[in-house]
Amino acid sequence: MDISWVAVDTPLPSGPMQLAVTPLGVALSSYVGESTAGLPIGVPRCTDEQRIRAVRGRLAEYFAGRRRELGLPIDWRFASGPHRRVLERLLADTGYGRTVTYGELAARSGVFEDVVEPGLAARTVGQMMGANPLPLLVPCHRVVAADGIGGFGGGPAGIEVKRWLLTLEGVLPPTLDWNGPTGD
């Protein structure tokens, strides 16, 4: 398989991220990771210094508040059909500092035109966000409930990761204990 992994230290409550890279781009990302000092045993490490620099550099700039779009190429191999259509619509329509509700994203995607059960499309989009293979790159943290922040995956610190990212992007006001952005 042509996938290798890059570990990236982050200021997120979940700690480092892991990103799977291929010749086409980033194929997977995860908020639950080891430090950049080591990946789990058996996980192929990326040895392409150009890819490593691009991934780490762009994420560092984002977390420092100096980059609004990661601009990394995406390898969509782990998302297909309606799931991919919803994720692509999210990426295209919901930029830095903006949010969209689960229901709005469902409507914009065009995937749920035949769904008549109230709330079903929004709940399905929520499940799709939980199964997003590219969190942060495809900004599922920007999808919120109609009546609040909504849920979030990303391991035990998931909702705190969502709050941190929305605070970085100016959607939520910072709390006194907020530790970002990481830049000067």
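What's counted below: heavy atoms across the whole structure, side chains too, no hydrogens, waters or symmetry copies. Counting from 1, the numbers follow the sequence of the chain as shown.
- Every residue was checked against the side-chain hydrogen bond (donor to acceptor under 3.5 Å, both in side chains) condition with Arg51, not counting sequence neighbours, and none meets it.
- Contacts of Arg67 classified as salt bridge (Lys or Arg N to Asp or Glu O under 4.0 Å), with partners at least two apart in sequence or in another chain: Glu61.
- Residues that satisfy the side chain to side chain contact (heavy atoms under 4.5 Å, CB included) test with Glu160, not counting sequence neighbours, are Pro13, Arg163.
- With sequence neighbours left out, Ala27 forms a side chain to side chain contact (heavy atoms under 4.5 Å, CB included) with Thr22, Asp75, Arg77, Phe78.
- His83 is listed as a side-chain neighbour of Pro133, based on a closest heavy-atom distance under 4.5 Å.
- Pairs engaging residues 125-148 under the side-chain hydrogen bond (donor to acceptor under 3.5 Å, both in side chains) rule: His141-Glu169, Arg142-Glu169 [sequence neighbours left out].
- With sequence neighbours left out, Thr175 forms a side chain to side chain contact (heavy atoms under 4.5 Å, CB included) with Asp177, Trp178.
- For the side chain to side chain contact (heavy atoms under 4.5 Å, CB included) test, residues two or more places apart in sequence or in another chain that qualify with Val100 are Leu90, Thr94, Glu104, Leu105, Arg108, Val143.
- Glu117 is linked by a side-chain hydrogen bond (donor to acceptor under 3.5 Å, both in side chains) to Arg123, counting only residues two or more places apart in sequence or in another chain.
- Scanning for side-chain hydrogen bond (donor to acceptor under 3.5 Å, both in side chains) contacts around Thr99 gives an empty result, with sequence neighbours left out.
- Legend: residues meeting side-chain hydrogen bond (donor to acceptor under 3.5 Å, both in side chains) with Arg84, ordered by chain and number and at least two apart, are Glu88.
- Among residue pairs with one or both ends in residues 12-30, none qualify as salt bridge (charged side-chain N to carboxylate O under 4.0 Å, His left out); sequence neighbours excluded.
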